[in-house]
Amino acid sequence: MFKKALMGAVALTAMMVGGAQAEDLKEFRIGILGGENEADRLRNFSCMVDKLPEVLGVEKVALFPAADYDGVIQGLLGGTLDYAELGASGYAKVYLEDPEAVEPILTTVQTDGSTGYHSVMVARKDSGIKSLEDMKGKKLGFADPDSTSGYLVPAVTLPKAVGATVEEFFGETGFGGGHENLVLEVVKGTFDAGTTWASGVGEFSDGYTSGNLHKMVEKGILDMDDLVELWKSPLIPNGPVVVRTSMDADMKTKFKTFMMEMPEADPECFAAIQGGDYKGYTEVTPAFYEPIIDARRSKIGS
């Protein structure tokens, strides 16, 4: 099954020019955000490759892991992807460029029943940095320019928390090339601290119940004893499951039903693609993301 998924991971540029032919091939195309090791991303989504053809009546399902968030965003805007799981800011970028390109249909529900998560700032425990105030004049790493928790929300909410602009308070900022790599760079000392995402539910020592820290702990590449949490954002709306708006209505309904049934029908697949423990999915509309759309419009513009 993993081999089939790997075969779908051809160059994203090739996919971008083949949109029209995909309909003729009856191929369902899944975009996977960057920010995590590519082999891990393919493995996590490979459970969908064998099941969806029969469910949707397509000949095959192909996985397209992008190098960064924008790769998937451009695929959705260009109509060369059929489904992706976005962060709220990524969806806001798509919406601001073309509100008709994709349709948000579902989002995840945390184990405590909430439909949100948090941006968390972490530093090395042995760095001597114990609080947000200790970061004054130091180097802060963000995950990705199109990440909600890894950039947009910290950029918008940190000024109130520190009483100054990000540029005034921190000595330097930069991007880590995705959530997983950012945390690894914090551990290595490239950044004094960095912002990533977590459910905020459960124990920090476990990397919480879901999110980037949790996934890294599960993969054995992070020991939470090496980190300390400096700051946690207000609740952020969980990112949406989006589908191409122009997709056949019957296929859209079948896919939505498949996804909503997955938490009980195939909990291992559900946990793999979501990166941790969740209760299930709930339906959403663009209105659910209006605060993030407004924040992105104000901070970034598009």
Side-chain angles (χ1 to χ4, degrees), residues 33 35-36 40-41 44-45 85-91 104-123 125 130-132 142-144 147-154 156-158 161 178-180 182-183 186-187 193-241 259-284 288-289 291-292 295:
L33 292 178
E36 185 181 2
D40 291 334
R41 287 183 284 152
N44 291 340
F45 278 82
E85 306 235 355
L86 297 177
S89 182
Y91 168 67
I105 56 172
L106 301 169
T107 195
T108 47
V109 179
Q110 305 285 6
T111 56
D112 67 348
S114 68
T115 53
Y117 66 108
H118 298 270
S119 171
V120 296
M121 185 187 298
V122 294
K125 186 177 288 186
K130 299 179 180 179
S131 67
L132 181 58
F142 296 115
D144 184 286
S147 170
T148 317
S149 58
Y151 177 63
L152 180 63
V153 167
V156 170
T157 60
L158 277 172
H179 286 274
E180 182 176 283
L182 170 70
V183 174
V186 170
V187 173
T195 54
T196 188
W197 69 287
S199 66
V201 179
E203 301 297 325
F204 177 76
S205 59
D206 298 324
Y208 294 113
T209 57
S210 62
N212 179 55
L213 298 173
H214 181 85
K215 289 194 289 184
M216 293 179 72
V217 169
E218 289 287 294
K219 290 193 289 186
I221 60 174
L222 178 66
D223 186 340
M224 292 302 292
D225 287 339
D226 293 335
L227 298 178
V228 61
E229 182 177 290
L230 308 179
W231 169 83
K232 183 187 293 180
S233 76
L235 198 67
I236 303 168
N238 284 346
V241 171
M259 294 296 285
M260 293 191 74
E261 292 176 350
M262 184 191 293
E264 290 192 13
D266 193 344
E268 289 187 7
C269 184
F270 177 58
I273 65 174
Q274 296 303 334
D277 298 327
Y278 293 85
K279 289 183 70 173
Y281 290 110
T282 189
E283 295 180 84
V284 290
F288 185 68
Y289 296 101
I292 300 298

Considering non-hydrogen atoms only, spot the tightest contact between [X] and [Y] and give its length.
X: Thr111; Y: Asp277; answer: CG2-O, 3.5 Å
X: Leu230; Y: Ala193; answer: CD1-CB, 3.9 Å
X: Pro237; Y: Tyr117; answer: O-CE2, 3.3 Å
X: Leu182; Y: Thr195; answer: CD2-O, 2.9 Å
X: Phe288; Y: Asn238; answer: CE2-O, 4.0 Å
X: Gly207; Y: Met224; answer: N-CG, 3.7 Å

query = Is the number of heavy atoms from other residues, nucleotides or ligands under 6.0 Å of Lys130 NZ greater than 12?
reply = no
request  = Using a cut-off of 6.0 Å, state whether more than 12 heavy atoms not belonging to Lys219 lie near its atom NZ.
outcome  = yes
For a 4.5 angstrom cut-off between non-hydrogen side-chain atoms, does [X] reach [Y]?
X: Thr196; Y: Met216; result: no
X: Leu222; Y: Leu227; result: yes
X: Asp144; Y: His179; result: no
X: Pro104; Y: Tyr91; result: yes
X: Leu235; Y: His118; result: yes
X: Pro240; Y: Tyr289; result: yes
X: Ile105; Y: Glu283; result: no
X: Tyr281; Y: Thr108; result: yes

note = Rounding to 0.5 Å, atoms CG (Leu132) and NZ (Lys232) come to a distance of 14.0 Å
Under 3.5 Å, which donor-acceptor pairs do the side chains of residues 262-270 form with other protein atoms, sequence neighbours left out?
residue : atom : partner : partner atom : Å
Asp266  : OD1  : Cys269  : N            : 3.2
Asp266  : OD2  : Lys51   : NZ           : 2.0

request  = Ignoring hydrogens and angles, state whether a donor on the side chain of Ser199 or Thr209 is under 3.5 Å from an acceptor on the partner side chain.
outcome  = yes
ask   = Taking atom types as modelled and ignoring hydrogens, do the side chains of Glu229 and Tyr208 form a donor-acceptor contact shorter than 3.5 angstrom?
value = yes
task = Go through the steps to decide whether Met121 and Leu158 satisfy the test side chain to side chain contact (heavy atoms under 4.5 Å, CB included), and finish with yes or no.
result = CA-CA 10 Å; Met121 185 187 298; Leu158 277 172; 3.9 Å; yes
Does the [X] side chain pair with the main chain of [Y], one donor and one acceptor, at a distance under 3.5 Å?
X: Glu85; Y: Gly239; answer: no
X: Ser210; Y: Gly276; answer: no
X: Thr157; Y: Val153; answer: yes
X: Ser149; Y: Ser119; answer: no

ask   = Among Thr148, Leu33, Val241, whose side chain to side chain contact (heavy atoms under 4.5 Å, CB included) with Leu86 holds?
value = Leu33
